[in-house]
Amino acid sequence: MEKFIIVGKNVSGLEKFMIDNNQSKFRAKQVYNWIYLKSVKTFDDMTDLPVQTRELLKEKAVLTSLSIKDKQVSKDGTIKYLFELKDGACVESVLMRFDNRANLTACISTQVGCAMNCSFCATAKLGFKRNLTSEEIVQQIFLIQSDTGLKVTNIVYMGQGEPLLNIDNMLESIKIFREQFQVGARRITVSTCGIIPGIEKLMNINFQSTLAISLHAPDNEIREKIMPVAKKYKFDSLIETLQKYTEKTSRRVTIEYVLIKDVNDSLEDAKKLAFAISKLKSNVNLIIYNQNEKSPYKRPEKNNILKFKYILEASGKKVTVRLERGADIDAACGQLSLKQASK
Ligand code: SAH
């Protein structure tokens with residue numbers, strides 16, 4: 001018989017398992033605390049459970065269906081995990097520490113591969129395989145915590161895949177992070193390439209985590225060239241939808257913009273972008289293009305980055321430039337391509 005997978009199940013799922021196996025319902029809560037607050041590695045570590053319950057768990061259940069296949073540590077302290085799923089497929093997650101902050105941010109995946117085919121992104125080259133289940137999404141954080149012994153304080157859905165094309169599992173995983181792992185809604189960010197129906201759904205449930213949009217262009221013409229999704233969901237409709245989103249949720253959105261040399265980094269582009277989002281309640285996060293073997297693009301000159309930033313700031317936006325982490329181990333944005341999976 002298939003073993004029952006524990007990490008990522010909601011409380012009632014685990015309570016049912018306990019009751020079905022003649023255990024008190026209360027054991028579920030104990031197991032939950034060990035998993036979500038302490039991230040123990042084995043059932044034997046759950047020392048306040050009766051031996052008989054631990055034996056039952058060992059016989060009939062497993063903590064995770066994911067396993068750590070490989071792990072690389074960058075010279076800046078960033079760790080990239082390669083996880084193997086039950087069907088042999090792999091996904092990556094990245095754990096980042098920032099020296100000047102107490103935060104520990106994990107970047108997690110929602111799909112095996114990605115179907116969006118953005119021309120600058122290494123993950124796109126993998127193609128799309130399947131959605132992750134909510135358990136598989138949750139297990140990434142659990143395994144990072146049990147491996148490092150540290151508590152993840154911030155979660156970004158910016159790994160492989162398009163979260164809004166796996167929206168139900170994404171939302172279920174957020175529910176578990178909030179209720180079980182006790183990560184606050186405001187410490188969770190979901191990034192999308194601009195799937196309008198997904199944004200509308202989040203708007204209707206009054207989503208309280210941060211929504212980030214990979215805009216990456218000041219107009220539809222440039223956007224279509226680098227992001228095929230713009231052919232389906234047009235630039236203007238996207239901005240309009242975001243406008244409604246910020247009104248309904250009272251939450252500011254983050255506009256992500258990856259600066260690529262001679263593609264979208266001119267000062268004209270900066271002005272156009274400033275104008276396009278002038279009425280949108282938003283902050284801007286500039287990402288300096290990370291080169292990867294499979295794309296011809298280059299990163300912009302430093303001077304250009306500063307000018308681009310200045311133009312947006314002068315228009316009244318708060319602008320940050322994303323700190324580059326883990327580029328030496330291909331863990332930076334757009335570099336998650338399972339390079340070491342075939343080792
Ligand atoms: N599919 C979602 C989640 C991925 S987030 C989305 O598109 O938002 C990963 C972020 O890194 C996205 O903003 C993506 O556009 C960006 N990115 C992709 N390739 C990159 C590269 N080579 N350099 C810098 N950023 C890149």
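Because the structure is a prediction, the values reported are computed rather than measured.
Note: Phe308 and Tyr257 have tilted aromatic rings, judged against thresholds of 30 and 60 degrees for the angle between ring planes. A perpendicular orientation is assigned to the rings of His216 and Phe120, their planes being inclined by more than 60° (bins at 30° and 60°). Between Phe83 and Tyr81, the angle of the ring planes stays under 30°, which puts this pair in the parallel group of the 30/60° scheme.
With a 4.5 Å cut-off on side-chain heavy atoms, Arg299 and Asn290 count as touching. Proximity of Phe181 to Phe142: side-chain heavy atoms (C-beta onward) are separated by under 4.5 Å at one or more points. For the pair Thr189 and Thr254, the minimum side-chain heavy-atom distance is 4.5 Å or more. Residues Arg187 and Phe177 have side chains not in contact (no heavy-atom distance under 4.5 Å, counting atoms from C-beta outward). Counting heavy atoms from C-beta on, the side chains of Gln160 and Leu126 come closer than 4.5 Å. Ile329 is not listed as a side-chain neighbour of Val73, based on a closest heavy-atom distance of 4.5 Å or more. The shortest side-chain heavy-atom distance between Val284 and Lys309 does not fall under the 4.5 Å cut-off. Residues Pro300 and Ile288 meet the side-chain proximity criterion, which asks for heavy atoms closer than 4.5 Å.
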(request) Test Ile199 against Met203 for side chain to side chain contact (heavy atoms under 4.5 Å, CB included), laying out the working first. (result) CA-CA 6 Å; Ile199 299 171; Met203 167 165 89; 5.5 Å; no
(request) Before giving the answer on side chain to side chain contact (heavy atoms under 4.5 Å, CB included), spell out for Asp236 and Asn220 the whole-Å C-alpha distance, their side-chain angles and the decisive distance to 0.1 Å. (result) CA-CA 8 Å; Asp236 291 346; Asn220 207 60; over 6 Å; no
(message) Please determine whether salt bridge (Lys or Arg N to Asp or Glu O under 4.0 Å) holds for the pair Glu224 and Lys234, giving the CA-CA distance in whole Å, both sets of side-chain angles, and the decisive distance to 0.1 Å.
(response) CA-CA 9 Å; Glu224 269 190 7; Lys234 301 284 177 198; 2.8 Å; yes
(message) I'd like to know whether Val112 forms a side chain to side chain contact (heavy atoms under 4.5 Å, CB included) with Leu132, so could you lay out the CA-CA distance, the side-chain angles of the two residues, the decisive distance to 0.1 Å, and finally the verdict.
(response) CA-CA 7 Å; Val112 181; Leu132 295 187; 3.7 Å; yes
(request) Carefully, step by step, assess Gln30 and Thr53 under the rule side chain to side chain contact (heavy atoms under 4.5 Å, CB included). (result) CA-CA 11 Å; Gln30 282 179 301; Thr53 309; over 6 Å; no
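Once rounded to the nearest 0.5 Å, the distance linking CD1 of Ile287 with CG of Leu323 reads 12.0 Å. Rounding to the nearest 0.5 Å places CG of Asp269 at 11.0 Å from CD1 of Ile260. Atom-to-atom distance recorded for Met116:CE and Leu165:CG is 5.0 Å, nearest 0.5 angstrom. We find the CD-NZ distance between Glu313 and Lys318 to be 10.5 Å, quoted to the nearest 0.5 Å. Taking CZ of Arg178 as the reference point, atom OG of Ser173 lies at 12.0 Å (rounded to 0.5 Å). Note: Ile167 CD1 to Ile195 CD1 = 9.5 Å, rounded to the nearest 0.5 Å.
In the hydrophobic clustering of this structure, Val152 groups with Val91; members are Ile, Leu, Val, Met, Phe, Trp, Tyr whose side-chain heavy atoms approach within less than 4.5 Å, directly or through other members. Clustering ILVMFWY residues whenever any of their side-chain heavy atoms sit less than 4.5 angstrom apart, transitively, puts Leu164 in the very cluster that holds Ile205. Linking Ile, Leu, Val, Met, Phe, Trp and Tyr whenever their side-chain heavy atoms come within less than 4.5 Å puts Phe207 and Val253 in one cluster. The cluster map of Ile, Leu, Val, Met, Phe, Trp and Tyr, joined by side-chain heavy atoms under 4.5 Å apart, puts Ile68 and Leu66 in the same cluster. A chain of hydrophobic side-chain contacts below 4.5 Å, direct or via other Ile, Leu, Val, Met, Phe, Trp or Tyr residues, connects Leu85 to Ile176.
In this structure, Arg325 contributes its side chain and Arg97 its backbone to a donor-acceptor pair below 3.5 Å. Between the side chain of Arg54 and the backbone N or O of Leu49, at least one donor-acceptor pair lies under 3.5 Å. Under a 3.5 Å cut-off, the side chain of Arg223 and the backbone N or O of Leu215 do form a donor-acceptor pair. Side-chain atoms of Gln335 do not come within 3.5 Å of backbone N or O of Ala122 as any donor-acceptor pair. With hydrogens and angles disregarded, no donor-acceptor distance shorter than 3.5 Å links the side chain of Lys60 to the backbone of Asn21. Side-chain N or O atoms of Asp219 include one that pairs as donor or acceptor with a backbone N or O of Ile222 at under 3.5 Å. A donor-acceptor pair is defined here as one N or O able to donate and one able to accept, closer than 3.5 Å; no such pair exists between the side chain of Gln182 and the backbone of Leu37. With hydrogens and angles ignored, the 3.5 Å screen pairs no side-chain donor or acceptor of Asn103 with any backbone N or O of Asn154.
Between Asp265 and Tyr289, the side chains place no donor N or O within less than 3.5 Å of an acceptor N or O (distance only, hydrogens not considered). Checked by atom type, the side-chain pair Ser39/Gln145 shows a donor-acceptor distance below 3.5 Å. Donor-acceptor pairing under 3.5 Å is recorded for the side chains of Thr192 and Glu162. Counted by atom type alone, Glu256 and Ser191 present one or more donor-acceptor pairs between their side chains at under 3.5 Å. With no hydrogens or angles considered, a side-chain donor-acceptor pair links Thr320 and Asn285 at under 3.5 Å. Judged by distance alone, the side chains of Ser93 and Gln140 do bring a donor and an acceptor atom under 3.5 Å apart. With no hydrogens or angles considered, no side-chain donor-acceptor pair links Tyr157 and Ser209 at under 3.5 Å. If you check the side chains of Lys80 and Ser74, you find no donor sitting under 3.5 Å from an acceptor. Counting only N and O atoms by type, the side chains of Thr42 and Asp44 include no donor and acceptor under 3.5 Å apart.
A salt bridge does not link Lys29 with Glu15: every distance from a Lys NZ or Arg NE/NH1/NH2 to an Asp or Glu carboxylate oxygen is 4.0 Å or more. A salt bridge is defined here as a Lys NZ or Arg NE, NH1 or NH2 lying under 4.0 Å from an Asp or Glu carboxylate O, and Lys86 with Glu135 fails to meet this definition. The pair Arg130-Glu136 meets the salt-bridge criterion, with a side-chain N (NZ, NE, NH1 or NH2) lying under 4.0 Å from an Asp/Glu carboxylate O. Using a 4.0 Å cut-off between a side-chain N of Lys or Arg and a carboxylate O of Asp or Glu, Lys58 and Glu55 qualify as a salt bridge.
Other residues, nucleotides and ligands contribute more than 12 heavy atoms inside 6.0 Å of the NZ atom of Lys248. Dense packing is recorded around NZ of Lys231, with more than 12 heavy atoms of other residues, nucleotides or ligands lying under 6.0 Å away.
In this structure, Ile6 and Phe43 approach most closely via the heavy-atom pair CD1-CE2, 3.8 Å. Listed here is the closest heavy atom pair of Ser214 and Met227: O-CE, 3.4 Å. The shortest non-hydrogen separation linking Gly161 to Thr110 is C-OG1, 3.8 Å. Nearest heavy atoms, Pro218 versus Leu273: CB-N, 3.7 Å. Contact record, Tyr297 with Gln291: O-CG, 3.8 Å, taken as the closest heavy-atom pair. Residues Cys121 and Lys125 come closest through the heavy atom pair O-NZ, 3.7 Å.
Ile155 pairs with exactly one of Ile137, Val183, Thr105 by the side chain to side chain contact (heavy atoms under 4.5 Å, CB included) rule, that one being Val183.
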